[in-house]
Amino acid sequence: MNLTGGIVLFAVIWFMVFFIALQIRPNSQADAGRVVPGTPPGAPAEVNLKRKALVTTLVAAVLWSVIASVILSGMVTLHDLDWFGRLEPKEQPAE
């Protein structure tokens, strides 16, 4: 994995974790009892976006380090994920 691949992997993990974090403990305006005129009652009362972004970054960094370690160690290769045999076969070592 090169630098660009590592950055893209981190970005994908970050956004996946962020979209999950947005759904954790949502407090709607209807639940809080204060609906701002012109907004739907299901709109969030308090977003806490800065805190969720920080937690997302920490969780994504841990997940990225584990996934990058597995990829860089060679425990799982592209040929291991080729379940349908569409890639070229592995070269057999000479005996």
Subject >> same_hphob_cluster(L81, V8) at 4.5 Å side-chain heavy-atom cutoff >> reply: no
Subject >> Pairwise ring-ring contact (aromatic ring centres under 6.0 Å, His included) hits with a residue in residues 28-60, at least two apart >> reply: none
**OP:** Decide yes or no for L49 and F18: does some side-chain heavy atom of the first lie under 4.5 Å from some side-chain heavy atom of the second?
**Re:** yes
**OP:** Determine, using the 4.5 Å side-chain heavy-atom cutoff (strictly less than), whether V17 and L22 are members of one ILVMFWY cluster.
**Re:** yes
Subject >> Minimum heavy-atom distance between I13 and W64, given as atom pair plus value >> reply: CD1-CA, 3.9 Å
Original post:
Which residues satisfy the side-chain contact (heavy atoms from CB on, under 4.5 Å) test with E46, sequence neighbours excluded?
Top reply: R34, N48
Original post:
For the hydrophobic clusters of this structure (ILVMFWY residues joined by side-chain heavy atoms under 4.5 Å, transitively), does one cluster hold both I20 and V59?
Top reply: no
**OP:** Measure across T57 and W14 and return the closest heavy-atom pair with its distance rounded to 0.1 Å.
**Re:** OG1-NE1, 3.0 Å
Original post:
Mind checking whether D80 and T77 have side chains closer than 4.5 Å, heavy atoms only?
Top reply: yes
Subject >> ILVMFWY network linking I24 to V47, side-chain heavy atoms under 4.5 angstrom >> reply: no
**OP:** Please list, chain by chain and in numerical order, all residues satisfying side-chain hydrogen bond (donor to acceptor under 3.5 Å, both in side chains) with S73, sequence neighbours excluded.
**Re:** none
Original post:
So do I67 and I71 actually touch side chain to side chain, heavy atoms under 4.5 Å?
Top reply: yes
**OP:** Spell out, yes or no, whether L78 and F84 are grouped together once hydrophobic residues are joined by side-chain heavy atoms under 4.5 Å, including indirect joins.
**Re:** no
Subject >> Test side-chain hydrogen bond (donor to acceptor under 3.5 Å, both in side chains) applied to S28 - qualifying residues, sequence neighbours left out >> reply: D31
Original post:
Using a side-chain heavy atom cutoff under 4.5 Å and only I, L, V, M, F, W and Y, what cluster partners does V66 have?
Top reply: none
**OP:** List for me each residue that meets side-chain contact (heavy atoms from CB on, under 4.5 Å) alongside A61, sequence neighbours excluded, and say none if there are none.
**Re:** F10
